[in-house]
Amino acid sequence: MYIKQVGLMNQAPTLKVKSRLSSFNQLSRIHPFMILFAEQKNMKESVIEIDGGTSLPLFSLNTLIIGSGAAALNAASNLHKMGKEDIAVVTDEWGGGTSNNAGSDKQTYYKLSLSGDLPDSSLEMAKDLFKGGSMHGDIALCEAQNSAQAFFHLVSLGVPFPHDRYGKYAGYKTDHDPRGRATSAGPLTSHLMFECLAKDIKSRGIKVFDMHEVIGLLTEAKDNEKHVIGAIALDKNNLDSSNYGFVVFNAVNVILATGGPGGIYKASVYPESQLGSSGLAFEIGAIANNLTESQYGLASVKFRWNLSGTYQQVIPRYVSADREGRGEREFLNDYFPDMGKLATAIFLKGYQWPFDPRKVANYGSSLIDILVYQETVKKERRVFLDFTRNPSGGGVLEDFTFDQLNEEAHTYLEKSGALLSTPIDRLRKMNEPAIDLYKRHGIDISKDYLEIAVCAQHNNGGLKGDIWWESNIKHLFPVGEVNGTHGVYRQGGAALNSGQVGSMRAALYISERYNDDPRDGKSFMNSANAQIKKKFEFVQRIIDPRIEEDSFIRSTRSEIQERMSACCAHIRELERVRKAITEAWRLYSRLKKEMKVTSPQALPAAFKNLDLCLTHALYLEASREYLEKGGKSRGSYLVLDSEGEKPCKELGEEWKFCLNERDAFVDKKILEVYLNEKLEVEKQWVDIRPIPQEETWFENVWSEYRKGNIIK
Ligand SMILES: Cc1cc2nc3c(=O)[nH]c(=O)nc-3n(C[C@H](O)[C@H](O)[C@H](O)COP(=O)(O)OP(=O)(O)OC[C@H]3O[C@@H](n4cnc5c(N)ncnc54)[C@H](O)[C@@H]3O)c2cc1C
């Protein structure tokens, strides 16, 4: 044990560090789950005292992994496999997040083709990833090259990806995929990945800090660079204690696997438990790229689920009603010239799920997303899918019959034996589990309407990383969806692949290059103390028992989400984004200065609001920069433009837009956004790195490998 006095009054505050080995009996009280992970080796627990004698637990370890989704758990699994035992996972909710809770009709995993007679190679796959636009070529190559290894890691852990009796992992074509590289373990692929990875983590005895909300990353400056050195979390089971549940981590490396920013949107198909924590990294100056690029599409809102695949291929009826459910009408009828085009557009939505401005014209499938948005956001009505009846023309169009469908749709239904009388009969025939899924969540779509909206689903952009997924903040590795490796378009399933490849490569780099022991508590606290103290004082300041309820938290959360869904989701317009930015920064400064909560129980929500507020401000900033540089509609959003064209004559004048011209500036560069030391927003357009064409002559690679020159 040692005690050190530092500084004088008004300089660095008093600091005490008492060392002792971790007491896991104490930890097992926190959550039953902890008992399972009590075997941890190496990690040290100490107690630090900040000003005024408040004690906080300090855990010192090599690598802290934040999050418990598929990317986080894969990082932990790989690190352990590579011999790094001095690691821990910290998560706000074990079992929360997208991986464990989201899925779709057939949730897709993208990897090198491993079957069939279409030849494939990592270079070909990299080229296809790269073609999505605004994606760096070296990252595309890494994701392609390592996809098979990451995939077989999951297979070895028991994820039931289907194969035939020769061991051939059959593939199918997903969007933007010419070679049938996609596979799926069913509607719950990412959940199965979570389950198998979690089992592996458990069997390896890796420590998990459950119910710990990370509220800040700790940094220090070294050689003109910023390094992450740890994190602060709130133990949600200990908020009412005198230290408000503060837990401090002293880590050589931090793997940030906090997922996508689901919490910034009102209309969202991210699971409710997935709010995101990108603000943690923005706050310390981590650079983000491609923040403008997300995917939006139709989803149910009561129980959040993607309405892709068979849900659309069975051609349900789309109806809207007022807030009270009155005045029901089949609103799509007013915008399509005949039932054949309308029913075919609904059918195609099945595999053209994300909204895509290129698929609006000629009564394309994405016209439906626009019409649903118009109904729900502009007219403030509610929209539902009705599986019990076929679309009817309502006197405007003819009623639905199969012979009106285009050949592709008709053949598909015919081959599936699904030329049956109602959408629910067709769904029962083609995909009965799709009906059961809703039943399990209290919605019987064989009788009831299903409420829908155009929802945010995935962020292609996010934090920037290098080919080892290390960010510009040294020793900070954003992996999974929080890391924005993709550009404008991505193949279905590429998100899950990216999360597995990135977390595996981060683990490899750490185990080879950053595998030092954590530094001693005293030296750590010299750098971290002021940062911890600042957060602690903020907490002391915002708790005010005189406040009657936490309505401020609820109203500010809604304000953020409504602003993003209205101005910066799949429909965007420069003037509205500009206005939204002013409002966003105003709210952020109010939160920092005026936010109050009734009790420590509300602290995690308060910090989450700060995080989401900063996050949405930066997303809006990126959008403004893109629009001011002349960016038009692309990816999964439409930019309203009075000088553009109406995609169909039935839509109002306000729906004019155009796509980016060939060789548009915004398509030739990648937009990076970050906060500088003065917390001002910096934006830079960087060149897109091409796919590396390095020589792979075996003898030379072997020689470099033996010299240890590869991982650096
Ligand atoms: C409906 C839907 C369908 C999808 N379908 C596909 C598909 O078919 N193919 C595909 O490739 N991708 C798909 N995706 C995307 C893919 O599922 C996600 O990108 C992926 O699961 C994200 O994994 P992750 O590990 O990065 O994050 P997540 O699984 O979201 O995990 C994030 C973790 O971080 C934790 N966390 C967050 N903040 C904190 C904090 N401050 N402190 C502590 N812990 C924190 C959360 O609790 C959670 O455990 C889909 C997404 C959705 C929503």
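Note that these values count all heavy atoms, side chains included, but never hydrogens, waters or copies made by symmetry. All ligand and atom numbering here is 1-based and tracks the order in the structure. Predicted, not measured: the structure shown is a model, and the values here were computed from it.
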Point to revise | S60 side chain to P518 backbone, donor-acceptor under 3.5 Å | key: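 A pair under 3.5 Å: no.
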
Review point. Would a distance-only check, ignoring hydrogens and angles, find a side-chain to backbone donor-acceptor pair under 3.5 Å from S190 to S99?
Key: yes

Can you pull out the closest protein heavy atom to [atom]? Residue, atom name and distance to 0.1 Å, please.
atom                    : answer
atom 42 (N) of ligand 1 : V214 N, 3.0 Å
atom 36 (N) of ligand 1 : D92 OD1, 3.7 Å
atom 48 (C) of ligand 1 : G97 CA, 3.7 Å
atom 49 (O) of ligand 1 : S68 N, 2.9 Å
atom 27 (O) of ligand 1 : G259 CA, 3.4 Å
atom 3 (C) of ligand 1  : Q457 NE2, 3.1 Å
atom 18 (C) of ligand 1 : E481 OE1, 3.3 Å
atom 39 (C) of ligand 1 : S277 OG, 3.4 Å

Exercise for review: Check whether the side chains of D105 and S308 place a donor and an acceptor atom closer than 3.5 Å, and report yes or no.
Suggested key: no

**Study point:** Identity of the nearest option to atom 28 (P) of ligand 1, non-hydrogen atoms only, from T98, I215, D105
**Key:**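 Answer by nearest heavy atom: T98.
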
Review point. For atom 1 (C) of ligand 1, which candidate among S104, G462, G103, A72 provides the closest heavy atom?
Key: G103

Check your understanding: Would F152 and F161 count as a close aromatic pair, with their ring centres under 6.0 Å?
Key ->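 Aromatic pair excluded; centres sit 6.0 Å or further apart.
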
Practice item. Verify the ring-centre separation between Y373 and F355: is it less than 6.0 angstrom? Key: no

Parallel, tilted or perpendicular: which fits the ring planes of [X] and [Y], with parallel below 30° and perpendicular above 60°?
X    : Y    : result
F194 : W94  : tilted
Y509 : F477 : tilted
F151 : Y109 : tilted
F303 : Y438 : perpendicular

**Study point:** V254, L79, V89 screened by side-chain contact (heavy atoms from CB on, under 4.5 Å) with T63, the one that passes
**Key:**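 Testing each of V254, L79, V89 against T63, the sole residue satisfying side-chain contact (heavy atoms from CB on, under 4.5 Å) is L79.
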
**Study point:** Pairing residues for E213 by the salt bridge (Lys or Arg N to Asp or Glu O under 4.0 Å) criterion, not counting sequence neighbours
**Key:**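 Expected list: K236, K608.
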
Does ligand 1 have a heavy atom under 4.0 Å from the side chain of [X], from its backbone, from both, or from neither?
X    : answer
A71  : both
R304 : neither
Q107 : both

Does [X] have a non-hydrogen atom less than 4.0 Å from ligand 1?
X    : result
G493 : yes
A257 : yes
M193 : no
K608 : yes
A494 : yes

In terms of atom number and element, which parts of ligand 1 are under 4.0 angstrom from non-hydrogen atoms of [X]?
X    : value
G69  : 25 (O), 29 (O), 31 (O), 33 (C), 49 (O)
H458 : 15 (C), 19 (O)
G480 : 26 (O)
V269 : 1 (C), 53 (C)
A102 : 1 (C), 2 (C), 52 (C), 53 (C)
S99  : 20 (C), 21 (O), 22 (C), 23 (O), 24 (P), 25 (O), 28 (P), 29 (O)
T91  : 43 (C), 44 (N), 47 (O), 49 (O)
H212 : 42 (N), 43 (C)

Atom pair [atom1] ([X]) and [atom2] ([Y]), whose distance is rounded to the nearest 0.5 Å:
X    : Y    : atom1 : atom2 : answer
L112 : E143 : CG    : CD    : 13.0 Å
C142 : Q145 : SG    : CD    : 8.5 Å
I287 : Y674 : CD1   : OH    : 5.5 Å

Check your understanding: Any ion pair linking E283 and K534 (charged N to carboxylate O, less than 4.0 Å)?
Key -> no

Practice item. Using a strict cut-off of less than 4.0 Å between a Lys/Arg side-chain nitrogen and an Asp/Glu carboxylate oxygen, indicate whether D200 and R204 qualify as a salt bridge. Key: yes

N/O to N/O below 3.5 Å, does that happen between [X] and ligand 1?
X    : value
Q274 : yes
A70  : yes
T108 : yes
G260 : no

Review point. Hey, does R304 have a side-chain heavy atom less than 4.5 Å from the side chain of S268?
Key: yes

